[in-house]
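I have placed the structure first, in the form of structure tokens, so that the comments after it can refer back to it.
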Amino acid sequence: MKVFTYSEARQNLSNLLSIAQREEVEIRRRDGSVFSVRAKRAKSKSPFDVEGINTRATTQDILDAVSKSRQGPA
């Protein structure tokens with residue numbers, strides 16, 4: 001774990017954040033306070049989490065199309 005003083009953290013924030021992507025980083029103040037910085041992990045999205053679209057199709061239109069597709073050739 002990398003440790004920075006408050007002043008070092010201010011001066012090297014970009015570097016600190018790069019390190020925090022790989023490991024936890026501590027920042028220590030003169031008064032003894034200690035803070036921990038670590039990158040958040042990206043939330044994985046479901047492949048079924050898709051944005052909807054607006055159409056003029058009604059629920060009945062969709063049900064009819066599904067029913068016809070299940071009947072097979074006429």
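In this text the structure is predicted, and so the values were computed from the model without any measurement. Residue numbers count from 1 along this sequence.
Sorted by first and then second residue, the side-chain hydrogen bond (donor to acceptor under 3.5 Å, both in side chains) pairs involving residues 11-20 (not counting sequence neighbours) form an empty list.
Take S7 and apply the side-chain contact (heavy atoms from CB on, under 4.5 Å) test, not counting sequence neighbours, and it matches T5, R10. With sequence neighbours excluded, the residues that form a side-chain contact (heavy atoms from CB on, under 4.5 Å) with I53 are T55. Remark: E24 engages S36 in a side chain to side chain donor-acceptor pair (under 3.5 Å) (not counting sequence neighbours). By the side chain to side chain donor-acceptor pair (under 3.5 Å) test, T58 is found to be paired with D61, residues two or more places apart in sequence or in another chain being considered. The salt bridge (charged side-chain N to carboxylate O under 4.0 Å, His left out) search around E26 returns R28, not counting sequence neighbours. By the side-chain contact (heavy atoms from CB on, under 4.5 Å) test, R29 is found to be paired with Y6, D31, S33, F35, residues two or more places apart in sequence or in another chain being considered. Not counting sequence neighbours, the partners of A39 by the side-chain contact (heavy atoms from CB on, under 4.5 Å) test are Q21.
The two residues A9 and L16 make their nearest non-hydrogen contact at CB-CD1, 3.7 Å.
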Could you pull out every donor-acceptor pair under 3.5 Å between side chains of residues 65-72 and any protein atom, sequence neighbours left out?
from: S69; atom 1: OG; to: V66; atom 2: O; distance (Å): 2.7

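Atom CD1 of residue I27 and atom CG of residue L13 lie 8.0 Å apart, to the nearest 0.5 angstrom.
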**Check against side chain to side chain contact (heavy atoms under 4.5 Å, CB included), I19 and F4** = CA-CA 11 Å; I19 294 169; F4 288 85; 4.0 Å; yes
